[in-house]
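The block underneath contains the structure these notes are about, expressed in structure tokens.
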Amino acid sequence: MQRSLFPSADSDGRAISSLGTALEGLNDAQREAATCLGSPVLVIAGAGTGKTRTLVHRMAYLVDQGISAENILLLTFTRKAAQEMIDRAGRLIDHSAQRITGGTFHAVANILLRRFGHHLGYASNFTILDRSDSEGILNLIKSSLNLGSSGKRFPTRRVICNLLSRAVNKSRSLEETVEDQYAHLAEFLDDLVKIQKHYHQFKLEHGLMDYDDLLVNLQKVLSQVGEVRREVSGRFRHILVDEYQDTNPLQADIVRLAAEGHNNVMVVGDDSQSIYSFRGADFRNIMDFPQIFPGTTLIRLEENYRSTQAILSLTNAIIDHATEKYNKKLFSSIAGGDKPIVNGTWDDSAQARWVCDRISGLVDAGVPLSEMAVLFRSGFHSYKLELELTNRQIIFEKRGGMKLTESAHIKDILSYLRVINNPADHLSWNRILLLLDKVGPKTVQRVLETIRSAEDPLAALHEYPAPPAWRAQLKALLTMLKDISAPGFTPVMMYDAAMDYYREIFERIYHDDYPTRSRDLEQLRQLVAGYPDLQSFMDDTTLDPPGATDETAGGRLGGDGESLVLSTIHSAKGLEWDHVFVIHLAAGRFPTCQPFMRDEWEEERRMFYVAATRARKNLYLTYLRESNSFDRQAASGGISPFLAEIPSHLVQGGESMTGWSGAAVSAAVVTRSRQPRDISMFQEGVAVRHPFFGEGRIEKSAGTRSVEVFFSRHGRKTLHLDYARLEVIE
DNA sequence: TGAGACGCTGTTTTT
DNA sequence: CAGCGTCTCA
């Protein structure tokens with residue numbers, strides 16, 4: 001098991017030589033990053049410059065240097081990414097690489113908190129809440145506090161959830177967050193603070209942690225309990241972090257604490273690909289790393305091995321327009337290539353058809369589906385395309401968007417399993433009891449109130465004096481739960497028994513569409529069947545939730561093999577394909593209609609950059625000529641400003657299309673010509689009106705094309721003059 | 001107090 | 001194109 005610190009040449013000679021060969025295959029910067037020991041390392045790596053490769057080689061190198069795989073921690077943005085890198089490292093050395101700990105911050109936090117959470121008052125069987133669980137609790141609190149009904153436009157649970165999460169991830173107080181991000185909610189501040197308190201209390205009392213708690217509590221236990229910190233940093237002697245530009249200060253602090261005493265940390269990131277500000281990430285954080293870890297070695301990877309020069313010229317042009325960036329231009333080692341193709345269509349269906357035609361063409365030319373992907377800004381942008389693909393029997397796999405575990409019927413069945421694992425989980429009890437006929441919110445509240453402090457909730461429920469109307473139902477429920485909590489029940493046995501009980505309810509409450517929904521239940525069963533214990537099944541389904549639609553047209557999906565990937569840009573991070581389609585590059589969709597602030601606008605642009613840099617050989621960009629739908633008030637230009645600002649000689653197809661070159665030019669002219677007029681008008685102290693924020697006054701100009709405006713209803717905002725539709729009030 | 005019908009709203013992005 | 005909140009009836 002234990003690798004010797006100084007392996008003999010005999011046992012490892014072969015591994016060393018093959019790793020040696022592999023290291024020679026890296027370029028100088030990559031090799032330095034992979035083998036640099038003795039100081040913290042910050043790797044700034046442009047898209048496609050081989051950062052995954054570098055991480056993989058570094059892991060292999062560390063093990064080869066005699067560092068035990070158990071002592072290595074790899075933090076990535078998805079579990080799959082971690083596993084793939086570890087597998088690749090294993091291929092460079094040997095299977096001992098499999099003992100490297102790898103996963104997301106959240107997944108690792110989960111494991112550590114099961115062990116160390118008791119320092120914070122958490123039992124080891126806590127339940128992890130997904131987003132809809134959190135919203136559910138907020139709803140319970142909202143109604144128990146009688147908020148929302150009395151007030152006028154009390155924020156929805158969704159908005160509250162975002163607000164609370166944002167405050168946590170940015171490590172700021174609720175007051176501060178409301179003040180500068182949600183100024184329009186200022187009048188509800190007192191109630192929001194109250195909700196936050198209750199929410200916190202509820203989770204603690206019932207053994208629940210939301211996603212944010214995993215990070216917060218890990219940070220807390222590491223910083224407050226020296227013994228834990230020492231054990232963790234002693235265990236993980238080398239820490240590697242991928243996609244560092246998308247970590248927030250909380251995560252950065254976790255890394256700092258976990259590395260205390262040795263500082264063997266390597267982080268890899270690209271400021272131009274930072275697209276998670278809503279989670280508290282700021283691309284500037286990456287530049288703070290050397291301050292957190294003095295003596296950092298900085299390495300830059302600048303040669304792109306992924307894309308053709310034609311694609312890189314376009315992506316360089318995209319990022320050229322960024323107002324603030326640290327990176328330089330990337331150069332490709334693959335000269336030439338086809339220019340990206342731009343195509344405009346009149347509506348959603350035509351766009352879907354065009355994409356499908358292209359895909360069919362590629363398939364006919366012998367390209368496997370797994371070498372193609374369609375990317376978009378928001379989950380719902382692919383609906384029309386999904387229909388068209390299904391019609392044409394093209395097998396696809398959708399990533400991002402609605403999750404399987406978020407649908408009501410799945411939550412129902414999971415609730416039964418959850419209370420087995422954590423009987424204190426009142427959120428699940430709430431759901432379970434609500435499913436009984438003749439039992440509504442009021443009754444549930446009463447029931448839960450009486451068993452609130454019970455040692456054994458199951459027994460307490462047995463004692464509960466239920467009225468005849470639902471006494472028998474309660475009996476049946478409790479019998480089922482008692483049955484499946486017997487020792488020796490595997491997760492799938494539990495699932496089946498719970499399903500037997502639930503089926504009747506299921507068909508009653510979803511009477512109009514339960515056949516469709518039951519397909520999901522079957523899918524869930526397959527999933528459960530792969531797990532030997534309940535806890536890990538539940539952890540995995542919340543920490544790495546399966547997508548909603550996994551199989552389509554051709555019936556069964558064949559593993560990860562032959563299917564086309566449809567993905568949100570966020571979920572496509574770090575991946576690459578030969579042929580990439582980016583659809584809905586239309587104003588109002590991409591960028592989404594929300595971004596009023598310059599930072600948000602810039603982040604949308606980086607998203608486009610991330611999307612385009614996923615392509616190796618061919619890139620297709622499509623847009624709708626006119627916004628045909630509801631958002632009338634949004635400046636309804638067809639083409640996305642991000643496309644319009646790109647020089648048309650970098651793409652093909654545009655000129656022959658009526659509209660594109662014209663539209664591009666005119667859109668560019670519109671945005672540019674607006675500004676000379678504007679700039680001079682928007683002086684300090686001038687009263688202005690914004691279509692969303694209302695009236696305000698300019699406080700100062702921030703940079704050449706931005707102003708800071710104080711709006712009476714929404715507080716201070718920084719607006720980009722090229723894009724914000726700001727008028728001067730006479 | 002629960003169940004069912006109806007109309008409204010509101011839609012990034014992820015762990 | 002839902003999932004919610006509100007309203008009415010039992």
Side-chain angles (χ1 to χ4, degrees), chain A residues 75-79 81 103-110 128-136 139 142-143 148-149 153-159 161-162 165-166 168-169 209-216 218 243 246-248 250-251 274-281 375-381 383 399-403 405-408 433-446 467 469-470 508-513 539-545 547-548 567-573 584 588-595 600 603-604 606-607 610-611 629-631 634:
Chain A
L75 293 164
T76 57
F77 47 100
T78 65
R79 168 173 309 188
T104 60
F105 275 89
H106 293 85
V108 171
N110 175 42
I128 304 169
L129 304 170
D130 70 15
R131 197 198 162 82
S132 50
D133 296 327
S134 302
E135 290 182 3
N139 240 9
K142 229 167 89 175
S143 54
S149 47
R153 295 190 56 80
F154 202 78
T156 61
R157 60 196 206 303
R158 193 180 190 77
V159 172
C161 200
N162 279 333
S165 178
R166 207 183 177 94
V168 171
N169 280 291
M209 284 197 209
D210 63 21
Y211 290 129
D212 298 335
D213 292 328
L214 289 171
L215 299 183
V216 170
L218 177 58
E243 306 282 4
D246 285 324
T247 58
N248 60 35
L250 203 51
Q251 291 166 311
S274 165
I275 56 174
Y276 277 85
S277 68
F278 64 91
R279 215 159 74 182
L375 309 181
F376 33 84
R377 172 69 242 259
S378 310
F380 68 94
H381 289 168
Y383 289 164
R399 301 185 188 166
M402 181 73 173
K403 297 294 189 312
T405 45
E406 271 165 16
S407 43
L433 294 172
L434 226 35
L435 290 173
L436 302 176
D437 202 13
K438 310 287 177 213
V439 175
K442 283 274 153 57
T443 312
V444 173
Q445 199 115 56
R446 264 205 308 269
W470 46 279
R508 170 167 54 85
I509 57 179
Y510 304 109
H511 47 83
D512 43 349
D513 64 345
D539 288 353
D540 282 8
T541 45
T542 45
L543 288 174
D544 193 13
S567 176
T568 59
I569 293 167
H570 285 90
S571 301
K573 195 156 73 103
H584 281 297
R589 294 217 163 196
F590 193 172
T592 101
C593 27
Q594 266 99 315
E600 294 174 4
E603 178 147 316
E604 296 284 317
R606 289 195 295 271
M607 248 178 266
V610 169
S629 53
F630 38 93
D631 43 29

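Naming convention: chains lettered A, B, ... in sequence-line order (proteins, then strands); numbering from 1 in each chain. The structure presented is a predicted model; accordingly, all values stated were derived computationally and were not measured.
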Planes under 30° and centres closer than 5.5 Å, is that true for A:Phe278 with the base of B:dT12?
no
Looking for any heavy atom pair under 4.0 Å, which part of the strands does A:Arg446 touch: base, sugar-phosphate only, or nothing?
-> sugar-phosphate
When we call it a touch if two heavy atoms are under 4.0 Å apart, what does A:Phe105 touch: a base, just sugar-phosphate, or nothing?
nothing
Separation of B:dA3 atom C1' from A:Asp437 atom CG, nearest Å, is 8 Å
A:Asn139 has its side chain closest, among B:dT15, B:dT12, C:dG5, to C:dG5
task: Please work out if A:Thr542 contacts a base, only the sugar-phosphate, or nothing of the nucleic acid, heavy-atom cut-off 4.0 Å.
output: nothing
Does any donor atom in the side chain of A:Glu603 or A:Ser277 lie under 3.5 Å from an acceptor atom in the other side chain? yes
Is the closest side-chain donor-acceptor distance between A:Ser165 and A:Asp212 under 3.5 Å? yes
Note to self: Looking at A:Arg279 and B:dT13, is any side-chain donor or acceptor paired with a base atom of the opposite kind under 3.5 Å?
What the structure shows: no
- Do A:Asn162 and A:Arg131 meet the criterion of a side-chain donor-acceptor pair at a distance under 3.5 Å? yes
By the 4.0 Å heavy-atom rule, please label A:Arg157 as base, sugar-phosphate, or nothing.
sugar-phosphate
Of the listed B:dT12, C:dG5, B:dT15, the closest approach to the A:Arg131 side chain comes from B:dT15
- Query: If only side-chain N and O atoms of A:Arg158 are considered, is one of them under 4.0 Å from the OP1 or OP2 phosphate oxygen of B:dG10?
  - Reply: no
Is any side-chain N of the basic residue among A:Arg79 and A:Asp540 closer than 4.0 Å to the acidic one's carboxylate O? yes
Ring centre gap for A:His570 and A:Phe278 strictly below 6.0 Å: yes
Residue pair A:Asp544/A:Gly440 against DNA chain B: nearer the 5' end by closest nucleotide is A:Gly440
Sorted by position of nearest nucleotide on DNA chain B, 5' first, the leading residue of A:Ile275 and A:Leu434 is A:Leu434
Between A:Thr78 and B:dT14, does any side-chain N or O lie under 4.0 Å from OP1 or OP2? no
message = Between A:Arg399 and B:dT14, is there a contact of a side-chain N or O with OP1 or OP2 at under 4.0 Å?
response = no
Taking only side-chain nitrogens and oxygens of A:Thr568, does any of them come within less than 4.0 Å of OP1 or OP2 of B:dT14?
yes
